[in-house]
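In this text, all values refer to a predicted model and were calculated from it rather than measured experimentally. Proteins get letters first, then strands, A, B, ... in listed order; numbering begins at 1 in each.
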Protein chains: 2
Amino acid sequence: MPDPRKSALEPMLRKLEYGAFLNGEDRDALLSLPHMNKTVEAHTYILREGDKPTHACLMLSGLTYRHKIVANGARQIVSLHMAGDLVDLQNALLGTADHHVQALTRSDVAFIPLEAIKNIAFDRPAIGQAMWYDTLVDGSIFREWIANVGRRDARTRLAHLFCEYALRMEAAGLGDHNEWELPMTQEVLADCTGLTPVHVNRMLKSLEQDGLISRTRRSVTVRDWKALAAAGDFQSAYLHLPAHKLALTQ
Amino acid sequence: MPDPRKSALEPMLRKLEYGAFLNGEDRDALLSLPHMNKTVEAHTYILREGDKPTHACLMLSGLTYRHKIVANGARQIVSLHMAGDLVDLQNALLGTADHHVQALTRSDVAFIPLEAIKNIAFDRPAIGQAMWYDTLVDGSIFREWIANVGRRDARTRLAHLFCEYALRMEAAGLGDHNEWELPMTQEVLADCTGLTPVHVNRMLKSLEQDGLISRTRRSVTVRDWKALAAAGDFQSAYLHLPAHKLALTQ
DNA sequence: CGCCCATTTGACAGCTTTCAAATCGCGTGG
DNA sequence: CCACGCGATTTGAAAGCTGTCAAATGGGCG
């Protein structure tokens with residue numbers, strides 16, 4: 001058995017502890033899960049629609065996203081994932097993947113056998129509850145995205161996406177909500193928000209000219225968090241982050 | 001203990017058995033869950049954003065929907081629910097509701113104490129897995145809705161919604177996928193698809209004029225399922241329905 | 001019969017897309 | 001160290017899908 005204190009699976013603990021209290025044995029069991037580490041290059045498909053996955057995918061570093069392709073060829077990104085996220089529990093547990101999972105940047109991931117996940121979830125109720133909770137938070141974010149692309153205008157959508165991304169990155173210990181890396185093209189932002197890259201560009205300019213953000217090529221600085229959150233109709237409750245993770249943005 | 005064979009909770013079994021094999025004891029345990037039946041009138045709020053629910057809500061008859069209100073006052077419906085659906089497991093397990101749940105029509109529902117749900121889910125792995133699976137299918141439908149409102153044009157969105165609704169109603173034993181009740185105003189359809197009621201009206205007319213559907217005041221008849229599915233870019237995999245439920249539409 | 005809400009219709013406005021072209025940024029090779 | 005090349009970004013003009021506004025029509029219920 002690997003030494004839990006050195007397990008590569010550490011990043012998973014933080015998120016799972018949002019949803020349940022894990023004791024020492026639970027933590028050891030989680031960190032001792034069998035897994036295979038792998039580095040995937042940017043743009044690599046980790047899973048395709050229709051696949052029958054045998055492993056779940058845990059993010060260790062980098063960014064990945066899930067997306068669907070509709071009839072006219074357009075792509076809709078349905079979620080972004082960062083270190084600590086169990087990206088693919090949904091596809092894995094449902095049996096057949098109903099969407100694609102792809103690397104946005106070079107990423108380190110750990111593949112954990114589905115059987116091991118199921119066993120630990122049902123042998124250890126606290127872990128099972130934590131994993132269930134985690135997939136429910138994913139669901140909550142999906143609901144907010146439906147509202148975002150369905151009922152908000154372009155500028156609001158983009159501001160909302162930024163606020164969500166900033167808070168999640170900060171909660172994951174990957175940055176400050178007021179300044180973060182944004183390693184994605186405007187085309188990716190467009191596919192997250194249901195817009196065109198051209199219009200994303202215009203809205204970025206608008207947010208910048210109004211003094212809400214400033215940008216360099218691959219990073220964003222928030223100049224006025226409150227104004228950005230207001231512009232994005234952003235309220236963080238749907239992220240279901242623990243209170244101490246939200247202190248800085250209140 | 002109530003006689004399981006007469007439990008009002010029967011409609012729940014069908015859906016849960018999609019996700020796991022339940023033995024006799026599991027079924028008895030499920031049907032013996034403590035619950036309180038209630039009839040809610042159309043338009044009644046079952047739960048509001050911010051509430052801390054103590055019960056989950058199982059649909060026995062009628063229709064309910066979940067929705068969010070954005071800053072400009074617009075409403076986005078994020079899901080529709082019919083008999084057998086555990087509408088509110090998400091809000092219940094997450095602790096604080098991040099969206100509203102409201103009755104679309106007069107509905108019979110059963111409120112099941114959250115503690116009883118948690119206990120049965122972790123005492124009986126098959127049930128826990130089935131419930132988890134059920135919430136994952138909800139998540140899959142959310143993802144499809146993101147793509148629907150994000151990347152499909154108005155006519156396609158509406159056709160897609162109809163196909164989904166038809167198949168779910170049929171799977172729930174509430175109608176035929178080629179002819180079903182549609183007890184909702186065009187405003188509700190608009191809030192499901194991120195459109196305006198006026199434009200929904202135009203698209204309905206378009207679908208009708210093209211011979212894909214015909215309508216009476218509160219019901220829809222599909223004239224050409226294949227054409228409707230094509231018009232709606234609809235493929236049913238994301239519903240994760242068992243094969244035997246799909247036979248008629250292949 | 002009359003009221004009220006939902007549906008339908010038309011004209012017009014506007015947000016977003018489309019199409020193209022120019023500019024910029026950055027890694028590569030001379 | 002600088003020129004080159006390619007993808008990403010930026011910009012402009014015009015088209016189009018969808019929204020807005022308003023009014024007419026229709027259907028159900030008291």
Side-chain angles (χ1 to χ4, degrees), chain A residues 41-43 63 70-77 104-106 148-161 181-210 213-220 231-233, chain B residues 41-43 63 70-77 104-106 148-161 181-210 213-220 231-233:
Chain A
E41 297 302 320
H43 314 305
L63 288 173
V70 302
N72 62 16
R75 175 178 72 166
Q76 176 67 47
I77 293 176
L104 178 53
T105 65
R106 191 172 213 265
N148 203 40
V149 295
R151 286 301 188 204
R152 295 192 180 112
D153 65 25
R155 188 170 180 274
T156 312
R157 277 184 223 180
L158 201 55
H160 190 281
L161 178 68
E181 299 295 308
L182 190 73
M184 58 186 81
T185 64
Q186 294 176 8
E187 185 179 11
V188 170
L189 292 173
D191 289 341
C192 287
T193 49
L195 300 168
T196 55
V198 170
H199 205 56
V200 165
N201 182 275
R202 291 194 256 260
M203 295 301 105
L204 284 174
K205 218 172 45 174
S206 164
L207 292 174
E208 189 163 26
Q209 284 175 349
D210 293 351
I213 61 171
S214 59
R215 309 176 279 152
T216 63
R217 185 157 185 74
R218 280 291 181 267
S219 77
V220 172
D233 184 21
Chain B
E41 296 303 319
H43 315 303
L63 288 173
V70 301
N72 62 16
R75 177 178 71 166
Q76 176 67 48
I77 292 176
L104 178 53
T105 66
R106 192 172 211 265
N148 205 39
V149 296
R151 287 300 188 203
R152 295 192 180 110
D153 66 24
R155 188 169 180 274
T156 312
R157 276 184 224 182
L158 201 55
H160 190 280
L161 178 68
E181 299 295 308
L182 190 74
M184 58 186 81
T185 63
Q186 294 176 7
E187 186 179 9
V188 171
L189 293 173
D191 289 341
C192 287
T193 49
L195 300 167
T196 56
V198 171
H199 205 60
V200 165
N201 182 275
R202 291 193 263 253
M203 296 301 104
L204 283 174
K205 216 172 44 175
S206 164
L207 292 173
E208 189 163 26
Q209 285 177 349
D210 293 349
I213 61 171
S214 60
R215 310 176 280 151
T216 63
R217 184 158 187 74
R218 280 290 181 268
S219 76
V220 172
D233 184 21

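With C:dT9, C:dA20, D:dT20 as the choices, the nucleotide that has an atom nearest any side-chain atom of B:K205 turns out to be C:dT9. Among the nucleotides C:dT7, D:dC21, D:dT18, the one closest to the side chain of B:T185 is C:dT7. Closest contact between the side chain of B:R217 and the listed nucleotides C:dT16, C:dT9, D:dG28 involves D:dG28. Of the candidate nucleotides D:dT9, D:dT11, D:dT20, D:dT20 has the atom nearest to the side chain of B:T196.
Taking 4.0 angstrom as the limit, B:R215 places a side-chain polar atom (N or O) nearer than this to OP1 or OP2 of C:dT8. The shortest distance between the side-chain N/O atoms of B:N201 and the OP1/OP2 oxygens of C:dT8 is below 4.0 Å.
If you measure from atom CD of B:Q186 to atom P of D:dT20, you get 16 Å, rounded to the nearest angstrom. The nearest whole Å value for the distance from the CE atom in A:M203 to the C1' atom in C:dG14 is 12 Å. Atom CG in A:L195 sits roughly 14 Å away from atom C1' in D:dT18 (whole-Å rounding). Rounded to whole Å, atom C1' of C:dT17 lies 14 Å from atom CG of A:D191.
Counting any heavy atom pair closer than 4.0 Å across all strands shown, B:R218 reaches sugar-phosphate atoms only and no base atom.
Ion pairing of B:D210 with B:R155 is present here, as a side-chain N (NZ or NE/NH1/NH2) and a carboxylate O approach within less than 4.0 Å.
Each of B:L204 and A:R157 has a nearest nucleotide on DNA chain C; the 5'-most of these lies closest to B:L204.
At least one donor-acceptor pair under 3.5 Å links the side chain of B:R157 to the backbone N or O of B:T193.
Below the 3.5 angstrom threshold, one finds a donor paired with an acceptor across the side chain of A:R202 and the base of C:dT17.
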